[in-house]
Amino acid sequence: MQTACQSVQQHRGRRLYNRLRSLVKDPRHDCVLFSNEFQLYSYCPRERGEALEKWHTRSVYHAAVWYNNHLAGLKPIVMITEDREAIEEYSSLNSGVYVISTQEYLESFWPDLQAAHELYASIAQALREKGSEVREREYAEHLPSDILEAGIKSGRYIQGVLNVNKHRAQAEAFVRIEGSSNKNAELNSDVLVFGGKLRNRAVHGDVVAVELLSRAEWRGRTMALSDGEGEDRQREEPQGQPMPTGRVVGILQRNWRDYVVTFPPREEIQSQSRNSQRILVTPWDYRIPKIRISTQQAEALQDQRVVVRLDSWDSSSLFPNGHFVRVLGRVGQLETEVATILVENSIQVPPFSEAQLREMPVIPTDSRWDVEPEQVLGRRDLRQTHLVFSVDPQGCEDVDDTLSARALPGGHLELGVHIADVTHFVKQGSLTDLEARSRATTYYLADRRYDMLPAVLSADLCSLLGGVDRYAMSMLWELDGQTLAVRRVWLGRTVIRSSYQLHYELAQSLLDGSAAEELPELGGLGPPEREERLGELRRALETLTHVARHLRAQRDRGGALELEGVEVRAQLDEERNITALVPRQPLEVHETVAECMIFANHWAAKKIHESFPHEALLRHHPPPRQEYFAELRECARARGFTIDTQSNKALAASLDRAQDPRDPLVNKLLRMMATQAMANAQYFCTGACPRDQHYHYGLALEHYTHFTSPIRRYADVIVHRLLTAAIQKEQGREVSESPCSNKELQELAQHINNRNRAAQHAQKQSTELFQCLYFRDKDPLTDERCTADGVIYAIRANGVLVFVPRYGVRAAAYLRSREGQVLSLRHDGSCEWQPGSLQRFPDRICTSTAEGTHTFSLFDHVSVRISVRPSRCHADSLCLEVVSNRPHESGGPEARAGQRAAAGKAELVQEVVRWAEEASQLAEEQGRAPALQGEEQEFQQSSGITLYSLLQEIRELALLDPSACQQ
């Protein structure tokens, strides 16, 4: 009812009202909003002197009676209210309208729905106990909304999102300033909110209004490490430079969600609940305060992960009030911990409904699905003219993209990117589309994935599998044979058949010319035909690599950044037990495929922006704030490098120069720090963002979007629809699916951004879970796998941060223990705890004991022992302990030297390839084609750089005078 929605808005706040509206508008719930106040026979005028609540109740009942009569009594109408007077007044007036309480409704209509009965009992008990309490005020009252709005406009208050430091959750939180709310010209950093009192009942993620304290009260960030298990309130710990510090004066928007909690041990429950059934439970997320809930099942829920919701947080209560929702499972079990990660990131992935599955195309049981003849007539058929193939991770089922490359008459080249035509199967507004929009992405965890689309689409009909006909959206570029400049572009719907389904390692072995493993697609062919087909595939891969190097060199000159992340894959056996943690090995073919996808995304962005200047979905990457680069600059300076962060081009050039020939990990760590300083790339609607903010900082492109993965990203589905509309508009045809309006598209972009962020967090937490599971059953003192080489990449007041390349782990290693002892070195480099002191410098930290002074510097290699710190209420975490100030030798010195030599050779070859490619391209741009001798012109077969020319370049470099190179 319209009246019921208005009542929620007026009495319960905008947050609950918006939630109710979104539930009603979601077609999956089969809800209808009836505007009863605008219908002649259901309208009920308010009587003079009648209370607003009484009028709302009478209006709803009046509309319910009309609706019962409208249906001629065929369906009973149920009106639920907690107003006992209304129940007594209206329950017996009309036999077709039931006016009952929530408890009576559950008992009468859903007697077997035990979970709903338990949820209701928990909420009812919490409300009863809340009403019976009278307490003194613990926090200041929040200011009214009108005062907050006026203060934000005048600049007295600052609006932003509260971010709690998970390592110091009780003490430190930061408010990230939203650009339009900052009227203070001196304020160019986050605002620190120190302590729970100044946080004033704000919860991580809330949008708050902050008032700055006087400069004398400003403080700095704490520079010491903390394990998050508790704050050390006894010792005054060192701080960084003072920063703007404030207090929360009001909350503009609550962003509460479902929280996973654990009940306290049995003895604590007994001491807490002598006079009450109210229990303090501990959230899994360190950043959330303890929550008081009412339940009679506290002892039965021992050692269980439980979902709760927040109801309120009054100024008279130290803790927020909430209620029990459901049980996830026993603490420590894999399925329980995975479910916890999903709930904590608000990820809902129920099985696809029968109604959604009924929308799927019917696949004959006795034959495979085939393309429709009328679709073939309306599409460009590439099955006989193009060699199409895919390159994906091994075992990939959802193949979004395929590639093609061929020579054209006249010496030109054609590059093709062919993307699954998901929008042919997923119509706008269908139930499948609504579910895909809600999920917004496929969620990848360490041991599983949750698809955005039903498996019949994601793993079959839309997936561009090898040897079968599929619908695609294709981009074909005709490139100049010499300069590789784009001569013309074709975009449209096609029918393709992928000839090969390659994985990255196989594609790289084909490119390297080594004996590739048997291609299943070539099985059964005779040797001559097999060699011919294999040669054709190799030439296509070489052409792609040649074009990708050119594209990368172009973006490099524009300022594109080559950043580093930590990607670790958990290797599982058939019973899903972890056998190893494997960091991703970079291959050139990764970069080749990525460049082709970036190129296609860039052209898709240009196309939709030209056709729909104000309704296009693009992706931008804002420049990072300069203060976030402080640690990067400081670390680089410690190694003698200078990092210029004024622009992406300057940053890229600085990182390229910051190479330590003795340790390639130095550059890798600097790039990782640069990655951490970056802002997240975001989707946006062009009509809601100024033109000068469309730029993608990391890729150095004016326009960018996502077009190449519609099976797993809903943003790509939107872009496909925009491209289809642009093609139809260009051809003068009627647009089959009209694009979203400016406002709708911006709201959708924000939803997708939120879901993408949740997917990234879930993937990271899942990887950390499996890292802990890998080490959990290993004895760190005896198992060799628990000791590894680590590199120090940050200095703190009481320890260091260490990166372990072997496992992709980044964690803290303490140099001062809880007992106050510090790490001392023996003569053989091994470590022991002794009484002493620590002294921190920007690039090193020194421990002083009776044995002497020992120094740990940035980028030092140390041996660390890895163990698991178990936690009953939170996620387990990895703990690093420095056991030696020397690098850990695994597999013997000969094996280690061989690994370094192999890595050095691979990097040398890649560097020479890129250097030669850029030199050749620079010569072409200056009008000087590379000079070839007559024999080379006649007999050179490769259009790109050959292995022979590479070896010649290496030979010439080896003969150069090193001092001349430095000059």
Side-chain angles (χ1 to χ4, degrees), residues 1-113 115-117 119-121 123-124 127 309 311 353-356 358 429-431 434-435 437-438 741 743-744 747:
M1 296 281 183
Q2 171 197 1
T3 302
C5 287
Q6 290 176 349
S7 179
V8 170
Q9 183 179 16
Q10 291 169 0
H11 300 296
R12 303 300 302 277
R14 178 161 289 278
R15 183 178 68 90
L16 284 178
Y17 171 74
N18 289 338
R19 188 175 175 186
L20 177 62
R21 289 281 295 181
S22 63
L23 287 172
V24 170
K25 289 166 66 176
D26 193 333
R28 294 172 297 174
H29 298 310
D30 292 328
C31 294
V32 175
L33 179 63
F34 176 47
S35 300
N36 59 297
E37 295 182 22
F38 294 94
Q39 209 272 352
L40 177 62
Y41 301 106
S42 63
Y43 173 67
C44 185
R46 185 177 178 182
E47 297 175 355
R48 178 172 294 185
E50 186 177 21
L52 184 64
E53 294 86 350
K54 294 286 185 183
W55 176 55
H56 282 163
T57 303
R58 190 165 60 86
S59 295
V60 171
Y61 177 75
H62 191 76
V65 171
W66 173 84
Y67 193 52
N68 180 63
N69 295 332
H70 177 71
L71 297 177
L74 296 176
K75 286 274 188 180
I77 307 299
V78 179
M79 174 180 164
I80 300 175
T81 178
E82 297 302 308
D83 185 346
R84 297 307 307 179
E85 292 183 7
I87 293 174
E88 292 176 4
E89 181 178 353
Y90 299 120
S91 60
S92 58
L93 293 183
N94 192 300
S95 59
V97 178
Y98 297 89
V99 183
I100 55 179
S101 66
T102 306
Q103 183 176 4
E104 292 168 337
Y105 172 72
L106 290 173
E107 291 172 352
S108 302
F109 291 87
W110 304 98
D112 300 326
L113 198 59
H117 285 271
L119 177 59
Y120 173 78
I123 296 172
L127 291 174
R309 287 182 187 148
D311 297 321
S353 68
E354 291 184 10
Q356 291 161 355
R358 280 197 296 269
S430 64
L431 293 176
L434 293 170
E435 182 64 30
R437 176 187 294 209
S438 175
S741 68
K743 182 181 178 183
E744 290 173 335
E747 290 177 354

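Looking at heavy atoms from C-beta onward, Asn94 lies in side-chain contact with Tyr61 at the 4.5 angstrom threshold. Counting only heavy atoms from C-beta outward, the side chains of Tyr41 and His70 never approach each other to under 4.5 Å. Contact of the Tyr98 side chain with the Glu104 side chain is not registered, since no non-hydrogen atoms from C-beta on lie closer than 4.5 Å. Ser42 places none of its side-chain heavy atoms less than 4.5 Å from the side chain of Tyr67. Contact check for Tyr120 versus Tyr105: no side-chain heavy atoms found under the 4.5 Å cut-off. The side-chain heavy atoms of Tyr90 and Thr57, taken from C-beta on, include a pair separated by under 4.5 Å. Residues Glu89 and Asp83 form no side-chain contact, since every pair of their non-hydrogen atoms from C-beta on lies 4.5 Å or further apart. Annotation: side chain of Cys31 is not in contact with side chain of Leu23 (no heavy-atom distance under 4.5 Å).
A donor-acceptor pair is defined here as one N or O able to donate and one able to accept, closer than 3.5 Å; no such pair exists between the side chain of Ser438 and the backbone of Leu434. Side-chain atoms of Ser7 do not come within 3.5 Å of backbone N or O of Thr3 as any donor-acceptor pair. A donor-acceptor pair is defined here as one N or O able to donate and one able to accept, closer than 3.5 Å; no such pair exists between the side chain of Arg358 and the backbone of Ser353. In this structure a side-chain-to-backbone donor-acceptor pair under 3.5 Å is present from Trp55 to Cys44.
For Thr102 against Glu82, the heavy-atom pair with the smallest separation is OG1-OE2, 2.6 Å. Summarising the geometry of Ile87 relative to Ser101, their closest heavy-atom pair is CD1-N, 3.7 Å, with the distance given to 0.1 Å. For Leu33 against Arg21, the heavy-atom pair with the smallest separation is CD2-NH1, 2.8 Å. Scanning all heavy atoms of the two residues, the minimum distance from Ala355 to Leu431 falls at CB-CD1, 3.5 Å. Nearest heavy-atom pair, Gln6 versus Glu37, reported as atom, atom and distance to 0.1 Å: OE1-OE2, 3.2 Å. Nearest heavy atom pair, residue Ala64 against residue Ile77, reads CB-CG2, 3.9 Å.
To the nearest 0.5 Å, the span separating OG on Ser430 from CD on Glu435 amounts to 11.0 Å. A distance of 9.5 Å separates OG in Ser59 from CG in Leu52, rounded to the nearest 0.5 Å. Here the CZ atom belonging to Phe109 is positioned 5.0 Å from the CD1 atom belonging to Ile100, to the nearest 0.5 angstrom. Here the CZ-CZ distance, from Arg58 to Arg46, works out to 10.0 Å after rounding to the nearest 0.5 Å. Note that CG of Leu74 and CG of Asn68 are 9.0 Å apart. Values are rounded to the nearest 0.5 Å. In this structure, CE in Met1 is found 13.5 Å from NE2 in His56, a value given to the nearest 0.5 Å.
For the pair Lys54 and Glu47, the salt-bridge criterion is not met [side-chain N within less than 4.0 Å of a carboxylate O].
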